[in-house]
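Below you'll find the structure, written out as structure tokens, and then a few comments.
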Protein chains: 2
Amino acid sequence: MRLTSKGRYAVMALVDLARFDGINPVSLRDISLRQGISLDYLEQIFSKLRKKEIVQSVRGTQGGYILNRKAKEIKLTNIFDAVDEKVKTVQCKKESKKGCNGKSTKCLTHNLWDELETHINNFFDKKSLDDLVKENLERRL
Amino acid sequence: MRLTSKGRYAVMALVDLARFDGINPVSLRDISLRQGISLDYLEQIFSKLRKKEIVQSVRGTQGGYILNRKAKEIKLTNIFDAVDEKVKTVQCKKESKKGCNGKSTKCLTHNLWDELETHINNFFDKKSLDDLVKENLERRL
DNA sequence: TGATACTTGACTATTTTGGTCAGGTTTATA
DNA sequence: TATAAACCTGACCAAAATAGTCAAGTATCA
Ligand code: FES
Ligand code: FES
């Protein structure tokens, strides 16, 4: 069970961006340099973030990206959703009565993984981008 | 972020085994049939569980595996550890001051992933094999 | 009319996963 | 004591997921 770097990068980049929010659009090139993430990869990630209306793009010279909502209203859940970093503990559908890989009943541990998923999602629901920026500022003082 | 089936199978198999614990050794063949897990794969998994002293093997005809500790004392953490299903949110060492892939400092989000890891491990620390067996019995009544 | 920066889609190398396969060894029991 | 059940080990492999790269644009500002 591990976190993929797509999710990690998305959050890193957004925290970076949020720090400058309201001042200028931030270019991916800058984020790439500051955070050490491949520019091409960032583009893929931001394309998804834009489609989910988490960021807005500003084209042309001096362009870049800006947040599309207040940092306080962007939860980790939203970010992870946008880049397809889902928490997947099981394959079987929650609603269906069938088990994994087409079995007729749920397996012995189905309920456990369900609980786990909820437990993790709770964490993501609570944390907002704003929280992260603030925590980061505090640590620097 | 997803759970691998090695971890899932390990827990499934142990719950199955625990239900018969104290009566007979349970053969992997039986578990394989009941739970629909490849026998060869189960052998790999149980080899690890044995090395970490979670189960004991009984060789020969009528052999199989038995729990090596009380079900109450086997936490999910122990099981996951044994089969190398670790919760990995970051690459960088917790203790080291260096960041991921050799960067000189920790990244903006390091602390966040650390919290997440703790949050997940809390869940695994609380659940014991015994809990799972009981929950399962209740649901059948 | 550059230069900057976003946009898109296809492609690819590496790693991880989820196994299989072959060939053992041990031991109860018929 | 033979034999079959069951554990034991290590090598091997195909498919999927990951973590990108590459190429060829388009929009906008100075
Ligand atoms: S049936 Fe849902 S996890 Fe096995
Ligand atoms: S430095 Fe530890 S997560 Fe980035």
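We name chains A, B, ... by the order of the sequence lines, and we start the count at 1 in each one. These numbers were taken from a predicted model, which means no experiment stands behind them.
A straight line from NZ of K48(B) to P of dG10(D) spans 12 Å, rounded to a whole angstrom. Distance L42(B) CG to dT9(D) P: 16 Å, rounded to the nearest Å. Counting to the nearest Å, the P atom of dT9(D) and the CZ atom of F46(B) are 15 Å from each other. Summarising the geometry, the separation between CD on E85(A) and P on dT18(D) is reported as 8 Å, rounded to the nearest angstrom. Atom CD in Q56(B) sits roughly 14 Å away from atom P in dC7(D) (whole-Å rounding). In this structure, CG of L33(B) is placed 13 Å from P of dA5(D), rounded to the nearest angstrom. In this structure, M1(A) places its CE atom 16 Å from P of dA17(D), rounding to the nearest Å. Protein atom CD1 of I45(B) is 15 Å distant from nucleotide atom C1' of dT9(D), rounded to whole Å.
Closest approach of V90(B) and W113(B) over heavy atoms only: CG1-CB, 3.5 Å. K6(B) and V83(B) get closest at one heavy-atom pair: CD-O, 3.5 Å.
Across all strands shown, Y65(A) has heavy atoms under 4.0 Å from sugar-phosphate atoms exclusively, and none from any base. Across all strands, R8(A) comes closer than 4.0 Å to no nucleic acid atom at all (heavy-atom distances).
Within the structure, salt bridge (Lys or Arg N to Asp or Glu O under 4.0 Å) contacts touching residues 24-52 of chain B (residues at least two apart or in different chains) are D16(B)-R34(B), K48(B)-D84(B).
Nearest-nucleotide mapping onto DNA chain C: of S27(A) and R2(B), the residue sitting toward the 5' end is S27(A). Both T61(A) and S5(A) lie close to DNA chain D; mapped to their nearest nucleotides by heavy-atom distance, the more 5′-ward contact belongs to S5(A). Of the residues near DNA chain C, L28(A) and T4(B), the one whose nearest nucleotide (by heavy atom distance) lies more toward the 5' end is L28(A). Between L3(A) and G60(B), the one whose closest nucleotide on DNA chain D sits nearer the 5' end is G60(B).
Relative orientation of the H119(A) and H119(B) rings is parallel, given thresholds of 30° and 60° on the angle between their planes.
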Report task. Report the C-alpha separation of L76(A) and L112(B) in whole Å, then their side-chain angles, then the decisive distance to 0.1 Å, and conclude whether the side chain to side chain contact (heavy atoms under 4.5 Å, CB included) test is met. Result -> CA-CA 11 Å; L76(A) 279 199; L112(B) 172 69; 3.9 Å; yes
Requested in this report: Go through the steps for E115(B) and K127(A) under the test salt bridge (Lys or Arg N to Asp or Glu O under 4.0 Å), then give the verdict.
Outcome: CA-CA 11 Å; E115(B) 276 180 56; K127(A) 286 272 177 189; 3.1 Å; yes
Requested in this report: Report the C-alpha separation of Y65(A) and L42(A) in whole Å, then their side-chain angles, then the decisive distance to 0.1 Å, and conclude whether the side chain to side chain contact (heavy atoms under 4.5 Å, CB included) test is met.
Outcome: CA-CA 12 Å; Y65(A) 285 93; L42(A) 272 178; over 6 Å; no
Requested in this report: Show the numbers, then the answer: is there a side chain to side chain contact (heavy atoms under 4.5 Å, CB included) between L67(B) and L14(B)?
Outcome: CA-CA 8 Å; L67(B) 292 185; L14(B) 282 174; 4.1 Å; yes
Which atoms of nucleotides 22-24 of chain D (N or O only) lie under 3.5 Å from a protein N or O atom, and what are those distances?
none

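Side-chain N/O atoms of Y41(A) include none lying less than 4.0 angstrom from OP1 or OP2 on dT18(D).
Separating the CG atom in L129(B) from the CD1 atom in I54(B) is a distance of 9.0 Å, to the nearest 0.5 Å. If you take CE on M1(A) and CD1 on I120(A), they are separated by 4.0 Å, rounding to the nearest 0.5 Å.
A nucleotide of DNA chain C counts as in contact with chain A when one of its atoms lies under 4.0 Å from a heavy atom; the first and last such, 5' to 3', are dA3(C) to dA10(C).
Closest approach to the R59(A) side chain among dA6(D), dT28(D), dT18(D) is made by dT28(D) (side chain taken as heavy atoms from C-beta onward).
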